[in-house]
Amino acid sequence: MMKLNKYFELAKEANIEALEIYIVRNYSLGFSLFHGEIDSYTTNDSISLGARGIFNGKMGYAYSEKIDKTTPEFIVKNIVENAKNITNDNKVTIFEGSKKYKKFNCYNKELDLVPVEEKLNKLYEIERKLKESDERITEIGGVGYEEARSETILANSYGLKLSEKSNYYVFFAEAVAKDGEETKTGYKTFLESDFSKFDVDKFVNDVKDNTIKQLGGKPCKSKNYRAVLAPRVVSSLMTAMLNSTIAEEVQKHSSLFEGKLNTQVLSKKITISEKPLAHNIFFKGFDDEGVATYNKDIFKNGVLKTFLYNLETALKDGVETTGNGYRSSSKSPVGTGFSNIFLKPGKISEEDMISKVKNGIYIDSITGLHAGLNAQSGNFSLQATGFIIRDGKIAEPVNLITVASNLVKVFQDVTMVANNVELLTNATSVPSIAIKSIMVSGN
């Protein structure tokens, strides 16, 4: 671990009551092909240091992307100056440390040993096999590979020293299918840390299927439909709803769940948990304030069990932090976030769930959540694509439709939860769900 004693020595001399150092080192590699040629190739290796300290009862902040022998003095000076300019009387604290921290090695050293040439060759293979997969595939929009590794170090003047390291890779591909005058685009991503788990043939088949199955799509009749929502759709709506469980939103009176703690707010079929200690690539043993994380139910059988707190919002409410203090970067102040969210799966397969719905609609993608969602009310109106469900089976594709409902109502209306859990790139593990009704505007 980097030597940080100088920071703490200078902080003490400057009468900083407590100092916290937060260092992040990120490395990324990415390249993509277009028509058999490398059209982008990027690498990035960066390190940044964010610090905060309590001076005269105020929290001062400082940041640097240069770490050398001059950095400690620069950081301490800027914390003091920043604290002097703060006029609010918010309670501030730096966390001394938890009694125990869970650890898990989510860094795959083998990924670093895979030659770049081998990773690049996978892209050529994907592009070639996609072209050969179906005569209706007329264009490969692009195939790409990205990998990232991150190391976090957190230390403070109370003697706390923590570190974590993780890495992962993503393959992605986009294909264009044409049938007559109709053109459709499909894509697929694959996320892992173990390079040996990538199956080119399965990936290519999924991209092809995701593209071809859209051909023949047209708007459906406008009405309320019983619906099955695919995992990616569920994830988007669920994470938008979870923003209302952040304590700061409650304190600002902008939460959909203010005053609803320990009450039934969703369907009894719905249990949503945050599991930062789950053994996958999104494992987090501590938050960005040095608080030990723990697995927790946010909603259990539809009952709201907790709001999510960092140290500052917990102080306001006189409760313990839930270990959800996170920064978007070293430069950012600590906010509140969540990761490794799990929607508890049911026992039924998606296919059987569709069969039980009998007649309705299967929604496999939504777009425009940022523009089409009213965060204050939870109401949304979003562009979508999917398929008609007829006689318990997937039938013709539908597109150019809009789906409208309310975030909370969607999860109140859940009648079934499938067992087809997918771990997605936004750190959620979710299955498909069936809901009583959603308004679809088509023709």
Side-chain angles (χ1 to χ4, degrees), residues 28-41 105-149 166-177 184-215 230-235 278-283 340 342 345 349-351 362 364-365 394 418-432:
S28 64
L29 165 69
F31 39 80
S32 61
L33 297 182
F34 185 69
H35 290 181
E37 301 288 335
I38 298 173
D39 71 333
S40 74
Y41 192 110
N105 180 21
C106 50
Y107 186 80
N108 190 334
K109 292 185 290 186
E110 299 299 317
L111 182 59
D112 297 338
L113 302 177
V114 179
V116 171
E117 185 180 13
E118 184 176 342
K119 297 165 183 173
L120 186 56
N121 284 339
K122 293 286 186 188
L123 296 191
Y124 288 113
E125 186 179 0
I126 291 167
E127 187 178 59
R128 175 176 57 80
K129 289 184 173 180
L130 262 177
K131 287 177 180 176
E132 299 169 352
S133 66
D134 193 291
E135 61 183 9
R136 291 167 292 181
I137 300 286
T138 59
E139 179 72 80
I140 310 302
V143 294
Y145 174 87
E146 294 177 357
E147 74 177 51
R149 64 174 179 258
S166 64
N167 64 346
Y168 65 87
Y169 69 91
V170 178
F171 278 102
F172 57 91
E174 181 181 88
V176 179
K184 297 295 179 188
T185 302
Y187 73 97
K188 174 76 176 177
T189 59
F190 180 87
L191 170 72
E192 247 295 343
S193 61
D194 184 344
F195 198 77
S196 69
K197 289 186 177 180
F198 181 64
D199 183 332
V200 170
D201 291 331
K202 183 181 185 308
F203 181 76
V204 165
N205 195 57
D206 286 346
V207 178
K208 181 201 74 172
D209 286 350
N210 289 349
T211 309
I212 296 297
K213 70 184 183 181
Q214 298 179 63
L215 291 170
R232 288 182 183 276
V233 176
V234 176
S235 176
H279 287 183
N280 61 29
I281 62 174
F282 298 113
F283 175 92
N340 244 348
F342 285 70
S349 69
E350 185 188 65
E351 185 180 8
Y362 180 91
D364 66 356
S365 77
I394 293 291
N419 61 8
N420 60 329
V421 175
E422 289 187 28
L423 175 61
L424 303 175
T425 53
N426 65 346
T428 61
S429 297
V430 290
S432 301

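When reading the values below, keep in mind they use all heavy atoms of this one structure, side chains included, and skip hydrogens, waters and symmetry mates.
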Is the closest side-chain heavy-atom distance between E174 and I140 below 4.5 Å? no
Taking salt bridge (charged side-chain N to carboxylate O under 4.0 Å, His left out) as the test, write out the residues that go with E125, two or more places apart. K129
Taking side-chain hydrogen bond (donor to acceptor under 3.5 Å, both in side chains) as the definition, give me every residue that meets it alongside S28, ordered by chain and number, with sequence neighbours left out. none
For K197, what residues pass the salt bridge (charged side-chain N to carboxylate O under 4.0 Å, His left out) criterion, not counting sequence neighbours? E192
Are side-chain N/O atoms of R232 and T189 paired as donor and acceptor at under 3.5 Å? yes
For H279, check ring-ring contact (aromatic ring centres under 6.0 Å, His included) against everything at least two apart and list the hits. F104
Strictly below 4.0 Å, N to O, side chains only: are K188 and D209 in salt-bridge contact? no
When you measure from the side chain of E350 to the backbone of S432, do you find a donor-acceptor pair of N or O atoms at a distance under 3.5 Å? no
Step-by-step side-chain contact (heavy atoms from CB on, under 4.5 Å) determination, D112 to N167: CA-CA 9 Å; D112 297 338; N167 64 346; 4.2 Å; yes
Over 60° means perpendicular and under 30° means parallel, so tell me whether F171 and F198 are parallel, tilted or perpendicular. parallel
Report the residues that fulfil ring-ring contact (aromatic ring centres under 6.0 Å, His included) with F172, sequence neighbours left out, ordered by chain and then residue number. none
Which heavy atom of L29 sits nearest to which heavy atom of V116, and what is that distance? CD2-CG2, 4.2 Å
Considering only heavy atoms from C-beta outward, does the side chain of V207 approach that of L130 to under 4.5 Å? yes
Using 4.0 Å as the upper bound for N to carboxylate O, is an ion pair formed by K119 and E147? yes
Side chain Y168, main chain D194, donor-acceptor under 3.5 Å: no
State which residues pass ring-ring contact (aromatic ring centres under 6.0 Å, His included) with F31; sequence neighbours excluded, sorted by chain then number. Y41, Y145
Would you check if there is a donor-acceptor pair between the side chains of S235 and N426 at a distance under 3.5 Å? yes
Spatial distance of atom CG (N210) from atom CG (D364) [nearest 0.5 Å]: 8.0 Å
